Amino acid sequence: MDYRLLADRYGTPLYVYDFDYMASQYETLKNSFNGKKSLIAYALKANSNLSVIARFASLGAGADCVSYGEVRRALIAGVPKYKIIFSGVGKLDEEIKGALDEDILFINCESEAELRRVEFIAQTLGKQARISVRVNPAIDAKTHPYISTGLKENKFGVDIATAKRLYIYAKNSERLEPIGIHFHIGSQLTDITPIAEAADKVADLARSLIALDIDLKFFDVGGGIGVTYKDEAAFDLSEYASKIALAIKGLDLTIICEPGRFLTAGGGVFLTRVLYEKHTDAKRFVVVDGAMNDLIRPALYNAYHRIEAIGKSGGENVCDVVGPICESGDFFAKNAPLPPVERGDLLAAHTTGAYGFTMSSNFNSRRRAAEVAVENGEDRLIRERETYDDLLAGEIKLLKADSQPKSRVF
Ligand code: LLP
């Protein structure tokens, strides 16, 4: 891929996505479930650009959404409503109502209070709510604590005994139709053992529920498939799929898998240009035009993204690659070996197709980056760079004190 050409054409900072790579990740995962009924519900939070979602939808993917905003994105991008799932520990009434109005596949409930809220809203709308319950199997996924979700102390899901009680309640409710069972123990998992253990525990629960005449149809194993950022071993998809299939042996359940990172991370590159080199007594700094607002993973998780100086080689020397924001967390790499670079040189931060743009912000009143897709050797813009007018739109009309009616707080 000619990154220099893309940077010249679309400017920097820029996210570039290899759609062919993303499509082949999808096919590889889908094929690993061969012989089993399965639905790959792409976790939109990893990369929710409409064109990315539409590409997966064209391959048959569903969507795992965690807000009504994501449900809207999935629908607009062409994901059929019967392949859309809505998860998350704190859904708003309006979001639950939206999901019921759109008649998506099911709402994944994460607590007893939420299950009852879904029932109440379904009642007021005169509808039936298809639901699943997220089970927290109390298993250590052995990943970064911020993205580990299956431990007893995590806020996600309910324990097995509570889940059983909720399913029985749902079965007896006129408004609830329990059709799925769900777990997700964490993200960027590299070890299959905890997933297999979780699958076994949740499958045992599914068996006991089916014995109670609860008509489950979907076994949702969440996402979490790890990728290689640096030296992580490649995730063994066939072992993963066969462990899951084994867990539900004898049960007539469709497997739902909700990958985000696996489908998109390796297909994304973040391009940023060198502004200055700066040397202090202690360090060499390469200051670039991208910042932590564009890609926050290094600051938030101390995550590693390989940095490449495009078209440069030799004379490598360690440096910190940093952005212009006044925070010491504003870095893309620490002590990274880079050749000498000059103003205007292009750097690529690799494996940034997941949780890159979607976690970006306008911190420091910076415009969010543009996004470009490359497919079959052709590139196209899939999100315009924000303008300063975009940044101000929600405020400027309210700037004048007399531009709106007043109300008194006390
Ligand atoms: N399903 C559920 C219920 C989830 O909570 C998540 C991710 C996924 C699926 C997709 O997980 P994946 O396949 O992408 O691992 N911002 C972090 C990752 C947070 C993941 C949260 N949940 C990062 O940049 O590493």
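Any value given below was found using the heavy atoms of this structure, including those in side chains, with hydrogens, waters and symmetry copies removed. Nothing here was measured: the structure is a model prediction, and the numbers come from that model. One-based numbering, in listed order, for ligands and for the atoms of each.
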Check your understanding: Just how far is it from atom CD of Glu327 to atom CZ of Phe363, taken to the nearest 0.5 Å?
Key -> 4.5 Å

Check your understanding: Gly223 heavy atoms, cut-off 4.0 Å: which ligand 1 atoms fall inside?
Key -> 1 (N), 9 (C), 13 (O)

Sequence neighbours left out, cut at 3.5 Å: what donor-acceptor pairs do the side chains of residues 262-277 make with other protein atoms?
| unit_1 | atom_1 | unit_2 | atom_2 | d |
| --- | --- | --- | --- | --- |
| Thr264 | OG1 | Gly260 | O | 3.3 |
| Thr264 | OG1 | Gly353 | O | 3.3 |
| Thr272 | OG1 | Asp289 | N | 3.4 |
| Thr272 | OG1 | Asp289 | OD1 | 2.6 |
| Thr272 | OG1 | Gly290 | N | 2.8 |
| Arg273 | NH1 | Gly344 | O | 3.0 |
| Arg273 | NH2 | Asp8 | OD1 | 2.9 |
| Glu277 | OE1 | His279 | NE2 | 2.9 |
| Glu277 | OE1 | Arg284 | NE | 3.1 |
| Glu277 | OE2 | Arg284 | NE | 3.4 |
| Glu277 | OE2 | Arg284 | NH2 | 3.0 |
| Glu277 | OE2 | Val341 | N | 3.4 |

Practice item. Check ligand 1 against Gly260 and write out every atom of the ligand that is under 4.0 Å from a heavy-atom position of the residue. Key: 12 (P), 13 (O), 14 (O)

Check your understanding: Do Arg367 and Tyr388 meet the cation-pi criteria used here (NZ or CZ under 6.0 Å from the six-membered ring centre, within 45° of the axis)?
Key -> yes

Point to revise | Heavy-atom neighbours of Glu384 CD exceed 12 at 6.0 Å | key: no

Check your understanding: Any idea which heavy atoms bring Leu44 and Thr358 closest together, and the distance?
Key -> O-CG2, 4.3 Å

Review point. In ligand 1, which numbered atoms sit nearer than 4.0 Å to a non-hydrogen atom of Arg261?
Key: 12 (P), 13 (O), 14 (O), 18 (C), 23 (C), 25 (O)

Exercise for review: Measure from NZ or CZ of Lys91 to the centre of the six-membered ring of Phe86, then state whether that distance is under 6.0 Å and the direction lies within 45° of the axis.
Suggested key: yes

Check your understanding: Do Arg134 and His184 have side-chain atoms, one donor and one acceptor, less than 3.5 Å apart?
Key -> no

Point to revise | Proximity of Ser187 to ligand 1 by residue part, where a heavy atom lies under 4.0 Å | key: both

Study note, to complete from the structure: Contact region, Leu300 to ligand 1, non-hydrogen atoms below 4.0 Å, reads neither

Tell me which donor-acceptor pairs under 3.5 Å the side chains of residues 158-167 have, and how far apart each pair is, sequence neighbours excluded?
| unit_1 | atom_1 | unit_2 | atom_2 | d |
| --- | --- | --- | --- | --- |
| Asp159 | OD1 | Ala161 | N | 3.1 |
| Asp159 | OD1 | Thr162 | N | 2.9 |
| Asp159 | OD1 | Thr162 | OG1 | 3.0 |
| Asp159 | OD2 | Thr162 | OG1 | 3.1 |
| Arg165 | NH1 | Glu112 | OE1 | 3.1 |
| Arg165 | NH1 | Glu112 | OE2 | 3.4 |
| Arg165 | NH2 | Glu112 | OE1 | 3.1 |
| Tyr167 | OH | Val133 | N | 3.0 |
| Tyr167 | OH | Gly180 | O | 2.6 |

Exercise for review: Nearest heavy atom to atom 12 (P) of ligand 1 wins, so pick from Gly157, Gly224, Ala43.
Suggested key: Gly224

Exercise for review: Could you check whether the rings of Phe56 and Tyr26 sit parallel, tilted or perpendicular, using 30° and 60° as the cut-offs?
Suggested key: tilted

Review point. Hey, is ligand 1 close enough to Ala46 that some N/O pair sits below 3.5 Å?
Key: no

**Study point:** Element-labelled atoms of ligand 1 that are located less than 4.0 Å from some non-hydrogen atom of Asp64
**Key:** 1 (N), 2 (C), 9 (C)

Study note, to complete from the structure: Numbered in order shown, the ligand 1 atoms found under 4.0 Å of a heavy atom of Arg134 are 3 (C)

Check your understanding: Does at least one non-hydrogen atom of Pro259 fall below 4.0 angstrom from an atom of ligand 1?
Key -> yes

Check your understanding: Which is closest to atom 2 (C) of ligand 1 in terms of heavy atoms, Gln188, Arg297, His182, Glu258?
Key -> Glu258

Check your understanding: Out of Tyr301, Phe262, Tyr42, whose heavy atom is nearest to atom 16 (N) of ligand 1?
Key -> Tyr301

Review point. Judged by non-hydrogen atoms, does Ser87 sit under 4.0 Å from ligand 1?
Key: no

Exercise for review: Using a strict 4.0 Å cut-off to heavy atoms of Met359, name the atoms of ligand 1 that fall inside it.
Suggested key: 16 (N), 24 (O)

